[in-house]
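By convention in this document, chain letters (A, B, ...) are assigned in the order of the sequence lines, proteins followed by strands, and residues within each chain are numbered from 1. Values below: all heavy atoms of this structure, side chains included; hydrogens, waters and symmetry mates excluded.
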Protein chains: 2
Amino acid sequence: MTDKPRKFRRVDPDVRRESLIDAALRCLAREGHDGLSVRRIAAEAGVSVGLINHYFPSIDMLVADAYETLATNIADRMVKAVEQAEGTPRERLARLIEACFAPEIMDPALLKVWVVFWGMILHSPEMRIVQQRTNGRFCNVYERFLRDVAEAEDKRVDTTLLARGLSAMHDGLWLEFCLNPDSFKVEDGMALCHAWVDAKLA
Amino acid sequence: MTDKPRKFRRVDPDVRRESLIDAALRCLAREGHDGLSVRRIAAEAGVSVGLINHYFPSIDMLVADAYETLATNIADRMVKAVEQAEGTPRERLARLIEACFAPEIMDPALLKVWVVFWGMILHSPEMRIVQQRTNGRFCNVYERFLRDVAEAEDKRVDTTLLARGLSAMHDGLWLEFCLNPDSFKVEDGMALCHAWVDAKLA
DNA sequence: AACAAAGTTGTACGCTCGTCCAATAACGTC
DNA sequence: GACGTTATTGGACGAGCGTACAACTTTGTT
């Protein structure tokens, strides 16, 4: 009474697209730039080579979609982590910084993916557009919670500049940590970010 | 009375090695990861394909040498720029920050090269060793001039931590600027670095 | 002038790549 | 149950890749 053997199953196009993007991200996380290959992604997704080009005009478009997807996911998770937290604006900002240093962020495999994104941003206009959009989102998240603190404590600071500094410091620490996890402890990184914020919102 | 035509000229091995490394860096700066190819580097250096493997056991070793060379050059240039500057330690620190934001540093082509380095660090033990060594040098440069200021002004701060923060903030700003030069002005980046230092050395 | 040493060339090999496209098989509809 | 639609397959194609290696050329020595 076994199911009759099928050579493949049709899948809803949207679901299929998503599964291809997921497979691509898994390949990039595992193999970095070497994982960026139609054949490896197809194998990872369990489909044939040709299907990739059926859903994406070129490999660059697939990566651009993957970039948008991953960046959006991460930003959303951060916002949610803070929004469902209670406490003063100051405490919520601390939750945000904690979320920025969560284990799934401070992961060399994630940097492997991002390094590929960066390399493509420098050559592909489509990727550059995604970068500008997603980076703007990240900065807005930082600024939003920083402004909450500034308003609650009645401080007058340029929250845009403050957010840019926080973003830069976190990016630099994240990069260095992922390249060399022994160079410092995650707690030290969080302390540095807090030191920056406290210095401007003292 | 023309010179008799020669198919090639022998070159001192050390000079040849250096010219191959230079050619590799030029390829990486122009084409990013795509430039990392024996054939393109050979063409750029004006030699045949086989010569690369005669001087370097593998392409990875060539890049590792190129990494060490470029990082050392940049660090040395910065130190020299500050050392030949006069003034108080505080003023010399300002020169250092200026040097960090010099046009030849804030150059997308330089990031193209570095993105390739980062990608390889995450996979190659040899590259990881070079990263640790060169990054340590950079941090030492920062710390050295920060300590001068702290001592001259009799401030008690953890200059190691301060240097790590400065390094991270600069890296993050450099990255963002090279990815999207319209996102902020170089002067704003310098101001942020100064704000970090001033906050801790007020 | 002859010779040895070694820097340099050029090619062949096997592999992987992205793209293209005709054939195939699954699914909804009648 | 037959049919049309289309998601999916799988192989062909040309190009570029890293490596290896034998042949060639230059250079310095005798």
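The minimum heavy-atom distance linking B:M169 with B:L192 is given by the pair SD-O, 3.6 Å. Closest non-hydrogen pair, A:A45 versus A:L20, comes out as CB-CD2, 3.8 Å. The shortest heavy-atom contact between B:L111 and B:C178 is CD2-CB, 3.5 Å.
A:F8 has its CZ atom 9 Å from the P atom of D:dG10, to the nearest Å. Atom CZ of B:R9 and atom C1' of C:dT9 are 16 Å apart (whole Å). Rounded to an integer number of Å, the gap from CG of A:L51 to P of D:dG10 is 11 Å. Counting to the nearest Å, the P atom of C:dT9 and the CZ atom of B:R10 are 11 Å from each other. If you measure from atom CD1 of B:I41 to atom P of D:dG16, you get 16 Å, rounded to the nearest angstrom. One atom, CG of B:N53, and another, C1' of C:dT11, lie 14 Å apart when rounded to the nearest Å. Following rounding to the nearest Å, B:I52 (CD1) and C:dG7 (P) show an atom-to-atom distance of 15 Å. Put simply, NE2 on B:H33 is 13 Å from C1' on D:dG18, counting in whole angstrom units.
Taking the charged nitrogens against the carboxylate oxygens, B:R147 and B:D158 have no contact shorter than 4.0 Å, which rules out a salt bridge.
Of the candidate nucleotides C:dT8, D:dT19, D:dT8, D:dT8 has the atom lying nearest to any side-chain atom of A:V11. You'll find that the side chain of A:H54 is closest to D:dT8, out of D:dT27, C:dC27, D:dT8. Nearest nucleotide to the B:S48 side chain, out of C:dA6, C:dA25, C:dG10: C:dG10.
Shown here is B:E91, whose CD atom has more than 12 heavy atoms of other residues, nucleotides or ligands within 6.0 Å.
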task: For side-chain hydrogen bond (donor to acceptor under 3.5 Å, both in side chains), just list the numbers for A:T72 and A:R137, CA-CA rounded to whole Å, side-chain angles, deciding distance to a tenth of an Å, and then say yes or no.
output: CA-CA 8 Å; A:T72 303; A:R137 266 203 289 261; 3.0 Å; yes
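Put simply, A:R6 has no side-chain N or O that comes within less than 4.0 Å of OP1 or OP2 on D:dT8. Contact annotation: B:R16 reaches the phosphate of C:dT8 (side-chain N/O to OP1 or OP2, under 4.0 Å).
The side-chain heavy atoms of A:E104 and A:L110, taken from C-beta on, include no pair separated by under 4.5 Å.
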Give each protein N/O atom lying under 3.5 Å from an N/O atom of nucleotides 14-17 of chain C, with the pair distance.
from, atom 1, to, atom 2, distance (Å)
C:dC17, OP1, A:S37, OG, 3.1
C:dC17, OP1, A:R40, NE, 3.0
C:dC17, OP1, A:R40, NH2, 3.4

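Scanning residues 55-63 of chain B for heavy-atom distances under 4.0 Å to DNA chain C yields B:Y55.
Distance alone, capped at 3.5 Å, is enough to place a donor-acceptor pair between the A:W196 side chain and the A:L162 backbone.
Aromatic ring centroids of A:F117 and A:W114 lie under 6.0 Å apart.
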